[in-house]
Each structure stands twice: as C-alpha cells, then as structure tokens.
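For this chain, numbers begin at 1 and follow the sequence in order. Ligands are counted one by one from 1 in listed order, and the atoms in each one are counted from 1 as well.
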Amino acid sequence: MPASVNIPPIALPFISDRAKSTLGLATQFVDEECIPAHDPFEAQLGQGASRWEKKPAILEQLKVKVKKLGLWNMFLGQHNGAGFSNVEYGLMAEYLGRSHIASEATNNPGPDTGNMELLVKYGTESQKRRWLDPLMKGKIRSAFLMTEPDIASSDARNIRCEIRRDGEEYVLNGSKLWSPGAGDPTCELYIFMGRIGGISSVNQYTQHSVILVPANAPGITVHRMLSVFGYDDAPHGHGHITLHNVRRLGPGRIHHSMRTIGAAETALEWMISHANDERKKTFGRSLSSHGTIREWIAKSRIEIDTARMTVLNAAIRIDQEGAKAALREIAAAKVLVPRTALRVIDRAIQIWGAAGVCQDTPLPGLWDSARTMRIVDGPDEVHLQQLGRREIQRLGKGVQEKLERQKREADRLLSSYEGSLAAATLRGYNKANL
Ligand SMILES: Cc1cc2nc3c(=O)[nH]c(=O)nc-3n(C[C@H](O)[C@H](O)[C@H](O)COP(=O)(O)OP(=O)(O)OC[C@H]3O[C@@H](n4cnc5c(N)ncnc54)[C@H](O)[C@@H]3O)c2cc1C
C-alpha cells in the first residue's frame, strides 16, 4: 500500500505527485534502513569518551543511500533544497520522527534545519559559501546558542551574554547552556545570541542580535555535557559552554511537532503489537480483547489524528501566508503535539508493563524526547500565554459587541410578544442569565 493513502483528505489538494512518491521512499527508508540500524548505531558509538570522538560509520552509509534516493534536504523549499512545501515536508518529517537517526541521515536534523533557514534568509553571500554550503552537504553541523544559566531563558529579553563592539570586531562574553552539538566532532558553527550595549540599554526588544562563531574560536570552552533524563544524546549532545573575549569580524519552527507525531505513531504500533501478543494473556484473554485497552487504542488514534491535523493546518497556513500569519496555528501545534504524544506513549508503556520502562522497547526514549519538547522549543506556558493574549485581542471587542447586539435583538423580538405569559417568563429568564 503506498504511504500516500495515509495522507489526510484535507491535506491532499496541497500534495504534489512528486511529494507523494518521495513520502513513499521516506517511509520505506525509515522502516527498512533506519530502524534496523538503531542497535548497530549504539554499538558503534561504544562507551565512555569514544562516544564523542567520531560518528558511527553506519550513519555515513545511510547518508550515501539517502542521496541516491533523493531524500536529502527535504526540509528546504529553496536554495537548492528538495523544493517541498511545509505541508509536504510535514508528512515526511512524521516518518523521520519514528527513528532518532533518520533526520541526520537525510540531512534534516534540528537545530541545523532552522539554522540553515536563517542563513538562507539573512546570510551574506560569503556566509552562505562558508557555512550554508557545507551544512547543506551534511559535511558539518551547527548549534544555536541562546539559553543561559542563572536567568529564565524562555523570555528572550533576559538573555545577557555580551556583544561589545571594539573597532572592526565584536567581542563576545558569557555562558551558555544546552548548546546542541557541543560534543559533535562535526559541529563547526555556533549561532550565538547576545545583548549589545549592556543591560541598561533602553529598548529591551532591540538589544539582541546573533553572531556566527566558528566552534573552534579561541576563548570558547566546553565545560560539560548535559544529559536528558539520563541519556547523553551522543554523538550530538548538549553542552555547557563559556565564551571569554571571543572575537568576531562585524557582520524552524514546527519541524519538531511533525517528528513528534511520528514518535506517537510508533508508540501506538508498539501498543497494538503487545496487546495482540497471544503469549501475554491476562485473566484468560489477550490484552486487545479487554475493553480498557481497546479504549486506549481508540483514544490514541483519535488524539494522534487530531494533532496531525493541527500541524498540517499550521503548515498549510505557513505555505500560503508566511510564518508570521500562522503564529496562532504554530503555537497550537507546539502545545498540543507533545502532550498528545506523551499520553499515547504513556499508555504504550503501561500496556508493556515493566518491559515498557527498560531498554527492551524504544518507549522510554520516545517519552524522553516528547517530554523535553514541552520545554525545548519554548515552554508550553509561554506559547499558551502568547496564544491567549492574541486570542483576547482578536476576539475581544468584536465578540462583546456581537453579544450585546444579539441581546438587543432578542429583547426586540420578545417585546413583540408582550402580554404572553410564556414570553414574559422567558424574557425574565434571559435577563437573569445575561
Ligand atoms: C534537550 C534540550 C535541547 C535544547 N536545545 C537548545 C538549543 O538548541 N539552544 C538553546 O539555546 N537552548 C536549548 N535548550 C534550552 C531550552 O530552550 C530552554 O530550557 C527553554 O527555553 C526554557 O528556558 P529555561 O530552562 O531557562 O526555563 P525558564 O525560562 O526559567 O522557565 C522555567 C519554567 O517557568 C515557566 N514559565 C516561563 N514563562 C512562563 C509564563 N509566561 N507563564 C507561566 N509559566 C511560565 C514554565 O513552566 C517554564 O518551564 C534545550 C533544552 C533541552 C532540554
């Protein structure tokens, strides 16, 4: 059965025949090449310091296959990317999300996808030659350095690492946490966010800027690698970095959600496979014949499909009107998708019993990624606050006027029945309740 049969009907008019056939190839590639490569990938990474020294050879072998299949740089619509729209890539990213190595094998990994989009949009020609071209070829990787210790980084106005002008150069100082790829032997570019002109500057919305810094610039120290629920995420990793007088010459957004839908689908497959396992009967019946389990499976299907619609809806809006016009849809996807995935993965863990919490299934790893998604891309609370504020502005005045208009019209209609007992009673009821 071709993968395109699973495209929700609402999205079909936006999907080209070329995208449908690439989706089929991506599905096959993830199922038949990436997932079987998970264990060899871990084995080649090894233990201890060697995990950070070189990339597992199996990853490089997968990259060679990907280029022949035409699955390279699927995320990028322009600048020699594969030329797909956001909604087309959204469907492909869902499959990439089923494997923790598929995104890098196809050169669609975060944060590099966002960093490449940034360079396409704002980079100078020489920055594109120096950084974008090798990133697009998958020869190097990049990091985005925003989060800092000792401040609340979900509010970007707090970012305080210093960017100071000194003649023809900028001097960078400060400390960064969660710097992705800090352990990766191929990570050569840091995109550093800092504050120009010190904390006392007047307008807190115009003080920040980003600067491209080579990872090996003098003055940069990687102090330690941070783990995520105990996983080191090698060979990529998340670093604690300081910059001390680093000198530079003067001068993504919903992909995570798409991949997280894929993680939820994987959990549902594991849930169903265990529920149907005849060796795992309880009280004389297979798990899949118990009403509770069927309900969990049904709810998971409904919830995943709802979340997928939300993501595709955001992608269509971005394609048609640009990311700024789609802020509401993007925020909704960012909040809804990880919560949905966590519910589904949690049910899958529960069905698997003790095996669900150990290394025998991918479920703990899927849960770990989905849980961090509620923080990594900006905490839920910040997206909800912004979405709520925009919704109040959008509907606020208009809705109040509309309700008052409706009330006046109801009063007018009721007054034409004046004298009728029933109408008078109803009118009293309406007034008391409005
Ligand atoms: C696996 C992983 C990868 C990451 N990758 C990167 C990366 O590539 N680059 C990078 O720079 N950073 C990265 N981060 C860091 C991440 O972006 C930050 O952790 C995130 O922005 C939140 O900042 P904070 O940890 O300082 O939390 P804080 O800003 O201190 O927020 C703490 C909590 O306060 C609450 N809160 C905040 N604002 C509000 C509000 N308005 N209303 C109600 N509650 C609120 C939320 O519950 C929030 O979780 C990564 C983190 C992880 C775990």
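Close N/O approach between Phe144 and ligand 1 is found [any backbone or side-chain N/O within under 3.5 Å]. Residue-to-ligand polar distances place Ser154 within reach of ligand 1: an N/O pair is separated by less than 3.5 Å. Backbone and side-chain nitrogen or oxygen atoms of Pro111 are examined, and none is located within less than 3.5 angstrom of a nitrogen or oxygen of ligand 1. Distances between N or O atoms of Val376 and those of ligand 1 include at least one value under 3.5 Å. Distances between N or O atoms of Ser153 and those of ligand 1 include at least one value under 3.5 Å.
With respect to Tyr89, the side chain to side chain contact (heavy atoms under 4.5 Å, CB included) criterion is satisfied by exactly one of Asp319, Leu23, Asn108: Asn108.
If you number the atoms of ligand 1 from 1 as listed, the ones under 4.0 Å from a heavy atom of Pro379 come out as 46 (C), 48 (C), 49 (O). Proximity to Ala152 (heavy-atom distance under 4.0 Å) selects the following atoms of ligand 1: 26 (O), 28 (P), 29 (O), 30 (O). Of all atoms in ligand 1, listed by their number and element, those nearer than 4.0 Å to a heavy atom of Met146 are 10 (C), 11 (O). Taking every non-hydrogen atom of Ile151 and a distance limit under 4.0 Å, the qualifying atoms of ligand 1 come out as 26 (O). Close approach of ligand 1 to Pro180 is summarised as follows: ligand atoms under 4.0 Å from at least one heavy atom of the residue are 7 (C), 8 (O), 9 (N).
With hydrogens and angles disregarded, no donor-acceptor distance shorter than 3.5 Å links the side chain of Arg129 to the backbone of Trp131. Panel note: side chain Arg347, backbone Ile297; no donor-acceptor pair is recorded below 3.5 Å. Side-chain atoms of Asn107 come within 3.5 Å of backbone N or O of Leu135 as a donor-acceptor pair. Checking side-chain atoms of Arg374 against main-chain N and O of Asp380 turns up no donor-acceptor pair under 3.5 Å.
Using a 4.0 Å threshold on non-hydrogen atoms, atom 25 (O) of ligand 1 does not count as touching the protein. For atom 45 (C) of ligand 1, a protein heavy-atom neighbour is found at a distance under 4.0 Å. The presence of a protein heavy atom under 4.0 Å from atom 32 (C) of ligand 1 is ruled out.
How far CG of Leu212 is from OH of Tyr190: 14.0 Å, rounded to the nearest 0.5 Å. Atom CD1 of Ile35 is separated from atom OG1 of Thr266 by 6.0 Å, given to the nearest 0.5 angstrom.
With respect to atom 10 (C) of ligand 1, the closest heavy atom belonging to the protein is Thr147 OG1, 3.3 Å. When hydrogens are left out, the protein atom nearest atom 19 (O) of ligand 1 is Ile375 CG2, 3.6 Å; that is the closest non-hydrogen contact. Looking only at heavy atoms of the protein, atom 38 (N) of ligand 1 is closest to Val382 CG2, 3.3 Å. The closest protein non-hydrogen atom to atom 6 (C) of ligand 1 is Trp178 O, 3.3 Å.
Under a cutoff of 6.0 Å and an axis angle of 45°, Arg18 and Phe84 form a cation-pi pair. In this structure, Arg371 forms no cation-pi arrangement with Phe229, as its terminal cationic atom is not both closer than 6.0 Å to the ring centre and no more than 45° off the ring axis. For Lys176 and Phe192, the positive end sits near the middle of the six-membered ring, less than 6.0 Å away and at most 45° from its axis.
Among His238, Glu381, Met373, Gln385, the residue whose heavy atom lies closest to atom 3 (C) of ligand 1 is His238.
Ligand 1 lies nowhere less than 4.0 angstrom from a heavy atom belonging to Leu384.
Heavy atoms only, all atoms of each residue included: Ile261 and Arg308 are closest at CD1-N, 3.5 Å.
Within 6.0 Å of atom CD in Gln44, more than 12 heavy atoms from other residues, nucleotides or ligands are found, so the atom counts as buried in its surroundings.
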